Protein chains: 2
Amino acid sequence: MTGRNTADIPASTIERLPQYLRCLLELQSMGVPLVKSDRLAGLCGSNAAQVRKDFSYLGELGTRGIGYEVSALIEHISELLGVKERRRVAIVGYGKLGSALHGYAGFPERGFEVVALFDVDPAKVGCTFDGIRVFHVDEAPRVVNELGIDIAIIATPARVAQLAADAVVEGGVKAILNLAPTRLVVPEEVDVRQVCLSTDLQILSFRIAQQEGSR
Amino acid sequence: MTGRNTADIPASTIERLPQYLRCLLELQSMGVPLVKSDRLAGLCGSNAAQVRKDFSYLGELGTRGIGYEVSALIEHISELLGVKERRRVAIVGYGKLGSALHGYAGFPERGFEVVALFDVDPAKVGCTFDGIRVFHVDEAPRVVNELGIDIAIIATPARVAQLAADAVVEGGVKAILNLAPTRLVVPEEVDVRQVCLSTDLQILSFRIAQQEGSR
DNA sequence: AGGTGTGAATATATTCACAGCT
DNA sequence: AGCTGTGAATATATTCACACCT
């Protein structure tokens, strides 16, 4: 079956596509035109069968006996991830974390453009950083809508993250990346991804404790 | 079967434990002594069956007809995650992101203590921030060992992340949380977790594209 | 020969549904 | 009566192994 419909691509495959894309861009920048599943697997920390299975959901992109054309894979995956045109992003909460994200080189490289910043601090509102204006969070409903912002990154303290989310949702944001360690309640059509570094540390801590205990 | 052995707790359950712990601490701070699976599920964005199944791996912690004692759950989960005593953490790369993490309130609250900072910038090496000293990355093998650091958080640019990892691995770090968008190669016994915000944005972007396409 | 594409087999995770305590 | 604990059923994900194309 040629997996034409994006709806029947497994979630686990989708989660790996950005990783593949990163490795493929690296190969391309090194001038590598063709790649085999086992090589790509090595670069991504995966395995050859997984790679082939994942790509098979995107269509028959490879050539038997040869491998995959790097540029064709990049094309297909970028298309699928919806990052061929730039996605417009806002950062809510312009403290240390927010400003670190604003300067993060990985975003523009991968098709994400920060087009607005939000905070509540009067000392910051109205300023521009690197050409991007800081608006008061109260203006988010209007600004998000006017600038056609798709995704908000929430980098506020946990206790105000829900208010921040409400404001950008009112403006019509379609997805939220939440860096505040709290669960957001949003309408069903808004997609939220939670990033919690403490959670990651705790998972690592578990595995350390497990190793220590087993000795 | 009473799941005494940590080794047979499913990975997916482990990944949810920090989330449960956060909600339980919140309940405790509100003075709630007892919680039922459905209530906790509501707080965590899960469902009651999942909660009960997850907890069943930790032992029989609940009381039928009544629910779970909040303090007992906190005790068990903290124990299991190995965060009852503080875990010693280093931050490698003390730019905006590194310093944002250093100030992140969630770490001390959850048992993680930042005890050393590393960078290569001569302007930073030797300084102390918030009582914590910045060492040169070259000193990491010694310092990590001397301070008994368990976990390193890598917040360097991607191109030097592997060097940073090599240095802390040499010092005997047991786990790495990698915020640089690159895959690290480390010895098998060192556990790495990758956080990549671009990846998260791309996954959100896919789901937006999918919604848009379906209309 | 040397690789992909993919059904079949296996492993893992989630959900259901109800027996078993309190 | 009410809620946990858990086998059984289902769904999802990974891995195997080989037919099939170049």
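Throughout, protein chains are lettered first and strands after them, A, B, ... in sequence-line order, and every chain is numbered starting at 1. Please read all numbers here as calculations on a predicted model, not as lab measurements. For the numbers below, each heavy atom of this structure counts, side chains included, while hydrogens, waters and symmetry mates do not.
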Within the 4.0 Å heavy-atom criterion, would you say [X] contacts the bases, only the backbone, or no part of the nucleic acid?
| X | result |
| --- | --- |
| B:Phe55 | nothing |
| A:Arg16 | sugar-phosphate |
| A:Asp38 | nothing |
| B:Thr13 | nothing |

Is there a side-chain contact between [X] and the phosphate of [N], meaning an N or O under 4.0 Å from OP1 or OP2?
| X | N | result |
| --- | --- | --- |
| B:Tyr57 | C:dT14 | no |
| B:Ser37 | D:dC3 | no |
| A:Asn47 | D:dT15 | yes |

Please pick, from [options], the nucleotide with the shortest atom-to-atom distance to any side-chain atom of [X].
| X | options | answer |
| --- | --- | --- |
| A:Gln50 | D:dC3, D:dT22, D:dT15 | D:dT15 |
| B:Thr63 | C:dT22, C:dG5, D:dG5 | C:dT22 |
| B:Pro10 | C:dG3, C:dA13, D:dT14 | C:dA13 |
| B:Ser12 | C:dT22, D:dG5, C:dT14 | C:dT14 |
| B:Arg64 | D:dC3, C:dG3, D:dT6 | D:dC3 |
| A:Lys36 | C:dG3, C:dT15, C:dA8 | C:dG3 |

Whole-Å distance separating the [atom1] atom of [X] from the [atom2] atom of [N]:
| X | N | atom1 | atom2 | answer |
| --- | --- | --- | --- | --- |
| A:Asp8 | D:dA11 | CG | C1' | 15 Å |
| B:Arg52 | C:dC18 | CZ | P | 14 Å |
| B:Glu60 | C:dC21 | CD | P | 9 Å |
| B:Leu61 | D:dC3 | CG | C1' | 15 Å |
| B:Glu69 | C:dT22 | CD | C1' | 15 Å |
| B:Asp54 | D:dT4 | CG | P | 13 Å |
| A:Leu40 | C:dT4 | CG | C1' | 14 Å |
| B:Leu17 | C:dA13 | CG | C1' | 15 Å |

Quick one: CD on B:Gln210 to CD1 on A:Ile9, what's the gap to the nearest 0.5 Å?
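With rounding to 0.5 Å, CD (B:Gln210) is 8.0 Å from CD1 (A:Ile9).
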So, taking the atom named CG in A:Leu201 and the one named CZ in B:Phe112, what distance separates them when rounded to the nearest 0.5 Å?
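If I round to the nearest 0.5 Å, the distance is 4.5 Å.
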Do A:Leu17 and B:Phe206 touch side chain to side chain, with heavy atoms closer than 4.5 Å?
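No; the side chains remain at least 4.5 Å from each other.
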Side-chain touch B:Lys84/B:Glu75, heavy atoms, less than 4.5 angstrom
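Side-chain contact under 4.5 Å: yes.
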Between B:Ala48 and B:Lys53, which is nearer to the 5' end of DNA chain D once each is assigned its nearest nucleotide?
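Nearer the 5' end of the strand: B:Ala48.
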Decide whether A:Arg22 and A:Gln19 meet the rule of one side-chain donor and one side-chain acceptor closer than 3.5 Å.
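Yes, a side-chain donor-acceptor pair sits under 3.5 Å.
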Are B:Arg193 and B:Glu15 close enough for a salt bridge, meaning some N to O gap below 4.0 Å?
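A salt bridge links B:Arg193 with B:Glu15.
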